[in-house]
Amino acid sequence: MISLAPSTSVASTSTSTSTSTESISSSVLSFTPLDDIDIRIKRSKEYFNLKQQQLALENKSLKYEIRDRQNLLKRLYFAIKDNEELIILAMEKDFNRSRQETISLEFVKLLNDILHIIESLPKWMSNKKVNDWSPVGMFGNIQIQNIALGTVLIIAPFNFPLLLALLPVVYAISGGNSVILKPSELTPNTANIIERIVEQSQLPSGLVQIIQGGAVENTKLINSGEFDKIFYTGSPRVGAIVAEAAAKSLTPCVLELGGKSPTFFTQNLNRSHWETALKRIFFGSFANSGQICVRPDYLLVHSSIYKDVVKLATQLLHEMFPLIDSQTEFTHLINDDSYKRTTIKLKTTNSNIIQAKIDESSLQGLNLVPPTLLIDCDWDDSFMKEENFAPILPIIKYDNLDKTIDKIMTFHDTPLAEYIFSDNSTEINHILTRLRAGDCMVGDTIIHVGVPDTPFGGIGTSGYGNYGGNYGFSAFTHERTVFKQPYWMDLALSMRYPPYSITKRQLAQIATERKPWFDRDGNDKFPLWKAILIPIGLIMVSLLTKKYISS
Ligand SMILES: NC(=O)C1=CN([C@@H]2O[C@H](COP(=O)(O)OP(=O)(O)OC[C@H]3O[C@@H](n4cnc5c(N)ncnc54)[C@H](O)[C@@H]3O)[C@@H](O)[C@H]2O)C=CC1
Ligand SMILES: CCCCCC(=O)O
């Protein structure tokens with residue numbers, strides 16, 4: 001029997017453990033036995049159905065459901081907050097993740113988003129009244145309702161292993177769903193901490209279950225055909241696998257994928273903005289060791305300023321990264337494969353390589369590639385073939401903007417993000433109009449993902465669906481119309497019933513067909529209501545004037 005312990009109060013999840021943080025974090029990730037996966041899915045579906053049944057039987061008000069979901073999220077909030085140090089330690093162990101990046105790019109966003117969702121839920125969950133002035137609906141009660149989807153599957157990547165696992169979980173809970181989460185196996189310490197956080201949240205059994213594992217376990221999940229939605233974040237390659245599996249059972253998906261996001265640095269950017277622009281580009285391109293899906297993947301610099309920009313970029317690179325050794329707070333690449341792929345490409349690039357200084361001896365055996373600029377890079381370079389999930393920034397010279405956009409659309413169309421550094425609004429709008437991207441920033445990079453209530457998602461090969469604020473709530477609910485029609489309305493609506501007649505058809509058409517306000521040339525006609533009201537208004541004014549003058 002699934003306990004549906006309604007969270008009447010926010011249970012304290014702070015746990016005083018004498019064990020050191022070191023001992024709690026574990027690099028060993030026990031994969032969920034394949035046979036358990038079907039059981040977990042069944043339990044998740046049972047939980048959801050039982051919850052809905054209880055809500056219905058107890059005729060629970062919407063206000064109760066809102067408060068219940070808010071309390072669940074408050075428990076999750078404190079469980080995450082209580083594990084702050086463990087989370088930081090776990091990611092340090094997983095890929096030497098910079099403490100500052102964990103806090104500023106991941107941890108704070110997750111907590112702030114949870115608070116935003118909790119405070120927004122009453123608004124998001126309230127039914128929206130719709131007015132229909134046509135004879136069909138004018139006396140009906142019409143509302144738009146967001147209902148839960150059911151049981152959802154969330155699949156997370158490694159690069160923001162906490163945020164991209166738990167933020168979709170938070171949205172799924174806000175939508176009233178039960179959840180199965182599959183964290184990335186590439187960050188085992190973080191995957192273990194996620195399991196600890198869910199346990200400490202003391203959520204009702206069955207609400208959130210975690211399946212630990214990799215491709216095999218995930219394949220079983222996506223092919224189960226048991227989910228009401230799959231929310232996948234990861235590479236386009238695997239995204240296609242997920243979409244194909246989901247299609248077999250018509251399971252809707254959100255695919256948050258990657259791509260090569262271009263950055264335009266045009267001749268119309270004031271030189272006074274160059275240093276700030278380059279620092280922001282480096283921030284977006286090199287943070288998390290370049291393992292950010294929306295990172296500026298390559299830089300397009302107009303030929304007239306190329307040499308000066310490269311000179312300043314080189315200077316700033318060395319200022320921001322004076323010397324990297326084993327003690328430097330600099331995130332590593334996730335694994336040997338990623339490191340090898342990157343170093344092989346560095347050996348095969350035709351570009352001139354400029355790298356931040358490193359203490360080579362202290363970095364032996366570490367998956368650390370320093371921030372690297374590729375000067376005089378061309379479109380067929382080894383780093384221009386696919387997404388660079390590493391701190392490598394190709395800098396490509398261009399002359400003609402439209403020809404450059406043509407190349408982007410030929411080789412790397414519909415990127416997840418596009419960045420424009422220009423002070424010419426016409427040029428900015430030209431680029432935005434021609435190049436479709438998931439999201440766009442002008443004058444900065446990557447921080448658009450942190451803005452509440454804005455949609456975050458891809459287009460074309462960078463994914464479909466989105467989340468963020470109300471978009472996240474919508475991603476995990478179904479919006480439906482609830483139309484309550486009074487029975488007496490058949491006085492006017494019975495003409496719709498057979499046996500049909502000319503009279504019924506004519507009456508129905510007269511009663512329901514709207515008239516256009518424009519003529520056949522597309523020009524707006526003088527509106528009838530103006531033709532009636534204006535003369536009446538004029539008469540009223542003249543009568544009042546006469547009365548005023550005579551008094
Ligand atoms: N749009 C977005 O919000 C984001 C997109 N990404 C993208 O994710 C990628 C990096 O993350 P990764 O973890 O390397 O992605 P990935 O696609 O390798 O793995 C993502 C998830 O899919 C599972 N998986 C891997 N191979 C699979 C297979 N053959 N069959 C079934 N499941 C499989 C993994 O266990 C993991 O949980 C990059 O392409 C990046 O652009 C990363 C973060 C955010
Ligand atoms: C919520 C969105 C986070 C984006 C993480 C990334 O760009 O890899």
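Quick note: residue numbers are just sequence positions, from 1. We count ligands from 1, going down the list as the structure has it; atoms in each ligand are counted the same way.
- Atoms of ligand 1 found under 4.0 Å from any heavy atom of Leu164, numbered from 1 in the order shown, are 43 (C), 44 (C).
- Counting heavy atoms closer than 4.0 Å to ligand 1, residue Phe160 contributes nothing at all.
- Nearest protein heavy-atom contact of atom 31 (C) of ligand 1 is Asn218 ND2, 3.6 Å.
- Of all the atoms in ligand 1, the ones that sit under 4.0 Å from a non-hydrogen atom of Ala156 are 20 (C), 21 (C), 36 (C), 37 (O).
- Proximity of Leu257 to ligand 1, defined as any heavy-atom pair under 4.0 Å, is confined to the backbone N, CA, C and O atoms.
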Run the salt bridge (Lys or Arg N to Asp or Glu O under 4.0 Å) test on Asp336 and Lys340 for me, step by step, so that the C-alpha distance in whole Å, both residues' side-chain angles and the decisive distance to 0.1 Å come before the verdict. CA-CA 6 Å; Asp336 295 345; Lys340 283 174 188 159; 5.1 Å; no
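- A cation-pi geometry, defined here as NZ or CZ lying under 6.0 Å from the six-membered ring centre and within 45° of its normal, holds between Arg97 and Phe160.
- For a threshold of 3.5 Å applied to N or O pairs, the pair formed by Phe158 and ligand 1 contains at least one separation below that value.
- Looking from atom 18 (O) of ligand 1 to the surrounding protein, the closest heavy atom is Ser235 OG, 4.1 Å.
- Between Pro183 and Gln212 there is a side-chain heavy-atom pair separated by less than 4.5 Å.
- Thr314 places a side-chain N or O within 3.5 Å of a backbone atom of Val310 that can act as its donor or acceptor partner.
- Only the side chain of Glu185 comes within 4.0 Å of ligand 1, judged by heavy-atom distances.
- Contacts of Thr233 with ligand 1, taken as heavy-atom pairs under 4.0 Å, involve both backbone and side chain.
- Scanning all heavy atoms of the two residues, the minimum distance from Ala475 to Lys229 falls at O-NZ, 2.8 Å.
- Remark: side-chain polar atoms of Arg295 are paired, donor with acceptor, to backbone N or O of Ala390 under 3.5 angstrom.
- Counting heavy atoms from C-beta on, the side chains of Ile103 and Glu84 come closer than 4.5 Å.
- A heavy-atom separation below 4.0 Å is found between Asn159 and ligand 1.
- Contact annotation: for Ser462 versus ligand 1, there are no heavy atoms closer than 4.0 Å.
- For ligand 2, residues of the protein lying within 4.0 angstrom by heavy-atom distance are Lys109, Asn159, Phe160, Leu164, Ile292, Cys293, Val294, Phe456, Tyr467.
- Annotation for ligand 1: atoms under 4.0 Å from non-hydrogen atoms of Leu416 are 1 (N).
- Counting heavy atoms under 4.0 Å from ligand 1, residue Val294 does not touch it at all.
- From the protein, the heavy atom lying nearest to atom 38 (C) of ligand 1 is Glu387 OE1, 3.3 Å.
- Remark: ligand 1 and Tyr467 share no N or O pair separated by less than 3.5 Å (distance only, no angle test).
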